[in-house]
Amino acid sequence: MIKNVNLNDLETVFDAIRTELKYQNELPIRTDDEAKDVAGFATLARRYLRKLEDNWADNPGTLQPDGSIQVEKALHDLRKMAAIFVRAMVYNGVRSR
């Protein structure tokens, strides 16, 4: 179902991204060459997009209250990707439309 995004939807999304960013902030830095620039974040996002696609293809969907079918693991990957892109905007500068 296609719908317009409203302020309540945004708050729900932002809360999910906040919790993901908090989780990511608590992870140890693995190397000195962690993603810092746009190209690094694009590479990281492509990696998680592949993971999302694999999880969507390899796992069964579950019926949601609205009647849609969603793959829970793919939704977790989507949240992770959103947080990666938010972090990329913070590191590289936010541009408003």
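Sequential numbering from 1 along the given sequence is applied to the chain's residues.
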With ring pair (Phe, Tyr, Trp, His ring centres under 6.0 Å) as the rule and sequence neighbours excluded, what pairs involving residues 50-72 come up?
none
Working to the nearest 0.5 angstrom, can you tell me the gap between I17 CD1 and T12 OG1?
11.0 Å
Does F14 share a hydrophobic cluster with V94, counting links as ILVMFWY side-chain heavy atoms below 4.5 Å and allowing steps through other members?
no
Hydrophobic cluster membership, with links at side-chain heavy-atom distances under 4.5 Å among I/L/V/M/F/W/Y: are M81 and V90 in one?
yes
Which residues satisfy the salt bridge (charged side-chain N to carboxylate O under 4.0 Å, His left out) test with D58, sequence neighbours excluded?
none
Smallest separation among heavy atoms of A35 and L44, with atom names
CB-CD2, 4.2 Å
Can you tell me if L7 has over 12 outside heavy atoms packed within less than 6.0 Å of its CG?
no
In Å and rounded to the nearest 0.5 Å, what is the CD to OG1 distance from E72 to T62?
6.0 Å
Which pair of heavy atoms, one from S68 and one from Q70, lies closest together, and at what distance?
OG-NE2, 3.9 Å
Examine V13 and V86 and state if one hydrophobic cluster contains both, with Ile, Leu, Val, Met, Phe, Trp and Tyr joined whenever side-chain heavy atoms are less than 4.5 Å apart.
yes
Sequence neighbours excluded - ring pair (Phe, Tyr, Trp, His ring centres under 6.0 Å) pairs with any residue from residues 23-43:
F41-Y91
Measure the CD-CD distance between E26 and Q24 for me, rounded to the nearest 0.5 Å.
11.0 Å
Salt bridge (charged side-chain N to carboxylate O under 4.0 Å, His left out) contacts in which one or both residues fall within residues 39-54, not counting sequence neighbours
K51-D77
Sequence neighbours excluded, the answer for salt bridge (charged side-chain N to carboxylate O under 4.0 Å, His left out) partners of E11 is none
Do you reckon L49 sits in the same ILVMFWY cluster as L78, going by side-chain contacts under 4.5 Å, direct or chained?
yes
Measure the CG-NZ distance between N59 and K73 for me, rounded to the nearest 0.5 Å.
4.5 Å
If we ignore hydrogens and angles and just use 3.5 Å, is the side chain of D37 paired with the main-chain N or O of N92 as donor and acceptor?
no
Apply salt bridge (charged side-chain N to carboxylate O under 4.0 Å, His left out) to R79 and list each qualifying residue two or more places apart in sequence or on a separate chain.
E20
Hey, quick one: are V71 and Y48 part of the same hydrophobic cluster, counting side-chain heavy atoms closer than 4.5 Å, chains of contacts allowed?
no
I'd like to know if the side chain of D9 and the backbone of N6 have a donor-acceptor N/O pair within less than 3.5 Å.
yes
One should read off an interatomic distance between L21 CG and K80 NZ, to the nearest 0.5 angstrom, of 10.5 Å
